[in-house]
Amino acid sequence: MGRYPRSFFERYTPSVAKDLLGCKLVRVIENRRLAGIVVETEAYRGRRDPASHAYRGRTRRTDVMFEEAGDAYVYFVYGNNWCLNITTEPKGVPGAVLIRAIAPVEGVGAMVKNRGPRCGVHIADGPGRLTKALAIDGHFNGEDLVASKVLFMERGTRPTRIERSTRVGVSRGGSFLWRFFIPDSKFVSRGKFDTTQNP
DNA sequence: GCAAAGATCGGCT
DNA sequence: GCCGATCTTTGCA
């Protein structure tokens, strides 16, 4: 299956977030593929988006958001979890798509092993969970997903239905409907959520 | 230097 | 369904 050129990621962040639904996130560990279909994403864009880490300008942490598109932006939250983003927009414009959930399709056994025996059905249905399932941590910050052999996106089939809502877990930027998900998937991280705007 | 909040998860009731 | 762990980054004194 084909991979995306950098130009795919260099577009308006919410468009990229929406277009990534149905695509396959692939992680290669010791020549074995662990992969899942992306079912839930969120967009964070620009200095005008109060929920974005880049809201207050460029810092050491958000550096990759300002760099070229198609790189991994991996950061640590709540003292427990890593979150995987893919940078977007042309160089100089900060943007990233948070991958919130995937539906496991390849190497499911290995993912469960990474998650631990008590994970149940919650293999990769959450930003922190999917990074653990795919063994992704801060070392991947800045990884070029267009060229990488160990972490990248593959083209998939476009989902028949897509819904959008407010983003999860953010206290500001509530008027942005920048969370995109496949409502038919049981692997989205939370309930179907509000699809109505409520600032 | 220090204090506070945070793009969450897992375990327990 | 609720609550606590846990630690980095940032903002301000």
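Note that the structure is a prediction, hence the values are computed from the model and not measured. A note on names: the letters A, B, ... follow the listed sequences, proteins ahead of strands, and every chain is numbered from 1.
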Notebook entry, point to check: With the sugar-phosphate defined as primed atoms, P, OP1 and OP2, and the base as all remaining atoms, what B/S/- string results for nucleotides 4-13 of chain B, 5' to 3', for protein heavy atoms under 4.0 Å?
Noted result: --BBBSSS--

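- For the side chain to side chain contact (heavy atoms under 4.5 Å, CB included) with A:Phe140, the lone residue among A:Leu145, A:Val74, A:Asp71 that qualifies is A:Val74.
- Hydrophobic clustering places A:Val39 together with A:Val112 (ILVMFWY residues linked when any side-chain heavy atoms are closer than 4.5 Å, directly or through intermediates).
- A single hydrophobic cluster is seen to contain both A:Val150 and A:Leu84, as judged by linkage of ILVMFWY side chains at heavy-atom distances under 4.5 Å, directly or through other members.
- Between chain A and DNA chain C, the heavy-atom contact criterion of under 4.0 Å yields a 5' to 3' nucleotide range of C:dA5 to C:dG11.
- For the residue pair A:Glu68/A:Thr87, the side-chain donor-acceptor check at 3.5 Å is not satisfied.
- For A:Tyr55, the OH atom is loosely surrounded, since the number of other residues' heavy atoms within 6.0 Å does not exceed 12.
- For the pair A:Arg167 and A:Tyr44, the cation sits on the ring face: its NZ or CZ lies under 6.0 Å from the ring centre, inside 45° of the axis.
- A:Arg33 has a carboxylate O that lies under 4.0 Å from a charged side-chain N of A:Glu106, or vice versa, which qualifies the two as a salt bridge.
- A cation-pi arrangement is not found for A:Arg100 relative to A:Phe181, the charged atom failing to lie both closer than 6.0 Å to the ring centre and inside a 45° cone about the ring normal.
- Salt-bridge check for A:Arg172 with A:Asp49: failed, with every basic side-chain N at 4.0 Å or more from each acidic carboxylate O.
- Within 6.0 Å of CZ in A:Arg32 there are 12 or fewer heavy atoms belonging to other residues, nucleotides or ligands.
- With a cut-off of 3.5 Å on both pairing distances, the Watson-Crick and G-U wobble pairs of DNA chain C assemble into stems of 3 or more at B:1-6 with C:7-12, B:8-12 with C:1-5.
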